[in-house]
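Structure first, then comments.
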Amino acid sequence: MGGFQPPPVCYEVSEPSPAQFWQTENVLNSKLPMLAIQIAYTVLVSRIFFFLLKPLHQPRLISHISVGFLLSQHLLGRFPSVFNLLYPVHGILNVEVLCNIGVIYYSFLSGLDMNLDTILYVKKKAASIAVAGIIFPTVMAPVFYALHRKFYVGTGIYSLEDSTYNAYLLWTLVLTVTGFPVLAHTLSELKLLYTGLGKAALTAAMIGDTYSWILFTLLVPFSIIGQRAIYSVLSTMLFIVFCIIVLRPTVVRFIDRKTDKDEWDYDQLLFVVMGVFACSYITDILGTHGIVGAFVFGLILPHGRFADLVMSISDDFAGGFLAPLFFGGSGMRLGGLPMIFYQANWPLTLLVVLFLCVPKILSTLFATSFFGMRTRDGLALGLLQNTKGAMALIMLNIAWDRSIISPPTYCVIASGVLLMTVVVSPIIDIIYKPRKRFEQIKLRTIQKLRIDAELRVLACVHNTRHATGMIRIVESFNATRLSPIYVCALQLVELTERGAALFPAYMQKSSGQSGAQNLSRTQAELESITNTFAAFGQSYDAVRVETSNVVSDYATIHEDIYNSSKEKGTSLILLPFHKHLSSVGMLETTSIVYKDINQKVMQGAPCSVGIFVDRDLGSVSKKKLHILMIFVGGPDDREALAIAWRMTGHPGIKLSVVRILLFDDAAEIDTSFREEAKEILLAVMDRDKQKELDDEYISGFRLRAVPNEDSISYSEIDVHSGEDIPVVLRELEKIGCDLYIVGQGNCRNSHVFSNLLEWSDCSELGVIGDILASNYFGSRSSLLVVQQYGYGGMDFGKRHNHMATDNDGFGTPIV
């Protein structure tokens with residue numbers, strides 16, 4: 001190809017005659033050991049890079065490419081003995097075969113992830129951002145390529161390609177692509193996936209990814225086979241139409257019938273893999289590319305339970321073994337990156353690499369300005385749309401294999417692609433600081449909420465059983481036209497490695513899904529939860545209900561709950577207890593992970609938190625509900641009383657408030673963590689301040705509520721020692737109630753409660769809550785444990801009921 005002569009790579013291939021076919025060398029002895037070593041090394045180093053880059057929220061794609069760059073001739077190639085041991089020449093061909101299999105199957109999974117029905121109902125804003133993100137790069141890409149050719153100076157194997165038409169086309173395609181799966185994982189890592197910004201970015205990326213596949217199908221053949229590509233494109237389009245119109249209905253009916261009857265096994269799923277390679281082979285013969293056929297085959301298969309089954313079986317193999325090999329190969333080709341700096345105009349070439357990041361940002365800023373979005377949000381959206389993924393690298397590898405672009409051009413455009421992807425997470429994290437943005441917001445508590453203000457509640461659930469109990473609690477708040485209620489029901493789902501699992505609920509719904517067999521387990525659960533809350537919302541004019549799901553790693557899902565709470569402006573987060581009521585009336589552990597989630601939410605929630613221990617409260621008559629509120633003292637108890645007080649407006653609810661007054665040993669201040677006399681004095685001042693606030697709030701309650709309502713009663717009980725507390729609770733249990741409401745117990749500074757808390761099984765419930773929720777206590781009543789926002793989250797690793805104090809001795813609310 002004129003001045004561009006890529007380094008020759010030759011493979012010695014011996015083709016045995018048909019008579020000697022079964023007399024070839026033993027593959028298990030000659031090929032498999034080397035292939036196993038290569039796979040093991042690539043996967044192991046990829047995992048190491050993944051954990052090293054995880055604090056920077058880098059996608060797994062970057063760790064795969066880093067492995068390949070480490071294996072390049074300019075790095076590992078400096079040690080020939082090691083390089084030849086891992087990647088000898090006779091072993092490269094086997095890796096290349098696996099790489100191609102990996103990219104084909106990756107494309108199939110991408111098609112299986114995507115549901116075109118959702119694209120038909122996207123909003124105008126997201127569609128406009130996606131279209132602008134294609135038009136601007138299409139116009140500016142040829143300009144950047146021309147600048148690259150003008151600035152770059154090289155000779156020999158470092159010279160540029162002679163043919164510019166195909167290279168222009170490739171640069172245009174690469175700059176228009178947005179990596180939808182990579183962007184989804186990036187937003188999830190930054191805890192922005194379920195915010196307004198995240199939803200807009202993900203929707204625009206989904207549309208852009210669809211357009212990228214269309215452009216790839218239409219334009220890549222022209223860069224490969226030239227003018228005759230028109231016949232290839234037409235025949236490929238006919239094949240796609242045949243798959244969608246003729247093949248899809250038959251396949252969907254067959255698969256849905258077997259899925260509905262749970263008749264699938266591993267042997268039958270092999271036919272799916274055969275279909276992938278059959279369609280890939282057809283489009284490859286037609287002159288497009290094998291990945292188009294694989295993608296179309298994934299697109300025509302039914303989504304939901306079947307897709308969930310296929311991905312759960314094969315995604316670990318495809319994403320854990322095949323993907324690192326393919327993307328590692330892309331990294332190896334970046335080994336020629338230093339050649340950019342060998343030529344005289346390398347600063348200008350480096351400037352071109354930086355310019356490649358500009359088109360998507362400008363296009364997004366231009367589009368968002370018409371919708372009145374802030375410049376900061378428009379800039380963030382532009383950066384997010386710059387995220388590249390597998391499609392961009394696949395295009396570059398095709399161009400490399402077909403000698404469409406030279407190594408210098410490959411390194412320049414690939415460097416731009418990696419730069420766009422790498423810088424997104426750190427910059428967005430700096431702009432939005434997702435983990436620190438709650439420190440300066442106003443107090444969000446029920447106690448501070450005006451009686452005529454809308455009560456906004458975030459009800460977190462894991463299943464439909466949780467939803468039923470949460471509805472009973474929310475219903476007790478007595479929504480009226482004067483005091484309406486907004487409920488955001490949030491289904492918490494554990495993250496898998498699949499990108500499709502990250503899609504928000506509104507993107508998962510499909511108008512084309514008509515049968516229950518089309519829904520995955522998560523979708524079916526969300527559908528049931530949605531129907532349950534929707535029925536509740538339709539029963540009351542003053543209740544607004546919204547249902548969505550959050551899919552995240554359980555270790556960090558509490559941050560998604562924080563973001564959702566801030567996004568919705570809620571005053572209360574309701575969490576389900578990690579135990580459920582068994583058939584014999586005992587609380588049994590549902591999942592210990594739920595307990596960890598609840599504790600993490602309580603440590604830094606942006607509003608008040610309530611943990612609901614459901615002992616079948618939903619079965620209690622809606623017309624009658626007896627609530628017993630136990631008040632000891634502290635901000636949590638004041639918040640719990642505020643909730644109980646608000647519930648008294650509901651007809652049929654009877655409220656009994658019992659205040660436990662501490663005397664003698666029970667009133668002793670906890671000084672176990674105080675080391676100086678000044679610290680002890682501060683503890684006394686804390687207690688006096690809290691008692692003053694308690695007396696003031698109780699007085700207001702007794703003055704305004706108790707005399708005016710026959711359904712409200714107030715009483716006091718004296719407690720002189722720690723042994724009296726269980727006795728008092730047992731006496732109260734004899735009175736009977738349907739629901740206990742208690743405070744968690746922060747800021748009590750009581751020696752008795754500190755000692756009892758150390759023996760608690762569920763410290764997130766506090767001392768009284770832990771006793772009432774214990775199976776040994778024998779209560780049959782449900783329980784709501786409340787933590788008020790503004791006095792610091794709970795520290796479950798150390799002390800549980802102490803708050804920070806300032807130099808003046810008073811508690812410092814975190815606002």
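These numbers come from a predicted model, not from an experiment.
The pair Asp694-Lys691 does not count as a salt bridge, with every side-chain nitrogen at least 4.0 angstrom from each carboxylate oxygen.
For the pair Phe533/Ile471, a side-chain contact is recorded, criterion being any heavy-atom separation below 4.5 Å from C-beta on. Arg646 is listed as a side-chain neighbour of Leu449, based on a closest heavy-atom distance under 4.5 Å. You'll find the side chain of Leu655 reaches within 4.5 Å of the side chain of Ile627, heavy atoms only. The side-chain heavy atoms of Ser656 and Met629, taken from C-beta on, include no pair separated by under 4.5 Å. Residues Gln491 and Asn463 are not in side-chain contact: their nearest non-hydrogen atoms beyond the backbone lie 4.5 Å or more apart. In this structure, His580 and Thr589 have side chains that are not in contact, with every pair of non-hydrogen atoms separated by 4.5 Å or more. Ser571 is not listed as a side-chain neighbour of Lys448, based on a closest heavy-atom distance of 4.5 Å or more. Between Val550 and Ile561 the shortest side-chain heavy-atom distance does not fall below 4.5 Å.
Not a single donor-acceptor pair under 3.5 Å links the side chain of Arg638 to the backbone N or O of Ile698. Not a single donor-acceptor pair under 3.5 Å links the side chain of Ser548 to the backbone N or O of Leu490. When atom types are taken as modelled, the side chain of Asp452 and the backbone of Leu482 share no donor-acceptor pair closer than 3.5 angstrom. Between the side chain of Asp770 and the backbone N or O of Gly766 there is no donor-acceptor pair closer than 3.5 Å. Checking side-chain atoms of Asp614 against main-chain N and O of Leu617 turns up a donor-acceptor pair under 3.5 Å. Checking side-chain atoms of Tyr562 against main-chain N and O of Pro606 turns up no donor-acceptor pair under 3.5 Å. Judged purely by atom type and a 3.5 angstrom limit, Ser781 uses its side chain to pair as donor or acceptor with the backbone of Cys737. With hydrogens and angles disregarded, no donor-acceptor distance shorter than 3.5 Å links the side chain of Arg615 to the backbone of Gly585.
The two residues Phe777 and Leu729 make their nearest non-hydrogen contact at CZ-O, 3.5 Å. Nearest approach of Gln690 to Gly634, heavy atoms of both residues: OE1-CA, 4.0 Å. Closest approach of Glu764 and Gln744 over heavy atoms only: O-CG, 3.2 Å. Contact between Ile573 and Ala605 at its shortest, heavy atoms only, is CD1-CB, 4.2 Å. Between Val493 and Tyr554, the closest heavy-atom pair is C-CE2, 4.1 Å. The heavy-atom pair separating Lys595 from Cys762 by the smallest distance is NZ-CA, 4.2 Å.
Separating the NZ atom in Lys654 from the CG atom in Asp738 is a distance of 10.5 Å, to the nearest 0.5 Å. Atoms NZ and NE2, on Lys600 and His558 in that order, are 5.5 Å from each other to the nearest 0.5 Å. Put simply, CZ on Arg456 and CG on Leu572 are 13.0 Å apart, with the number rounded to the nearest 0.5 Å. With rounding to the nearest 0.5 Å, the separation of CD1 in Ile741 from OG in Ser476 is 8.0 Å. Atom OG of Ser552 sits about 12.0 Å away from atom CG of Leu187, to the nearest 0.5 Å. Note that CG of Leu587 is 9.5 Å distant from CG of Leu783, once rounded to the nearest 0.5 Å.
Between the side chains of Tyr540 and Gln538, no donor N or O sits under 3.5 Å from an acceptor N or O. If you check the side chains of Glu733 and Tyr740, you find a donor sitting under 3.5 Å from an acceptor. No side-chain N or O of Ser608 forms a donor-acceptor pair with one of Thr445 less than 3.5 Å apart. Side-chain N/O atoms of Tyr486 and Glu546 include a donor and acceptor closer than 3.5 Å. With 3.5 Å as the limit, one finds a donor-acceptor pair spanning the side chains of Glu639 and Gln788. Inspection of the Ser721 and Glu723 side chains reveals an N or O donor paired with an N or O acceptor under 3.5 Å.
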Between Ile557 and Val601, does the side chain to side chain contact (heavy atoms under 4.5 Å, CB included) criterion hold? Intermediate values first, please. CA-CA 9 Å; Ile557 201 170; Val601 171; over 6 Å; no

Can you check side chain to side chain contact (heavy atoms under 4.5 Å, CB included) on Tyr697 and Leu641, steps first, answer last? CA-CA 9 Å; Tyr697 196 67; Leu641 179 56; 3.7 Å; yes

Side chain to side chain contact (heavy atoms under 4.5 Å, CB included), that's the test. Do Phe477 and Ile643 meet it? Break it down for me. CA-CA 8 Å; Phe477 281 109; Ile643 290 176; 3.7 Å; yes

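The residue from Thr532, Thr547, Leu574, Ile529 that alone fulfils the side chain to side chain contact (heavy atoms under 4.5 Å, CB included) condition with Val461 is Ile529.
Classification of the Tyr594-His462 ring pair by plane angle, with boundaries at 30° and 60°, yields parallel.
Judged by the 6.0 Å and 45° rule, Arg659 forms no cation-pi pair with Phe631.
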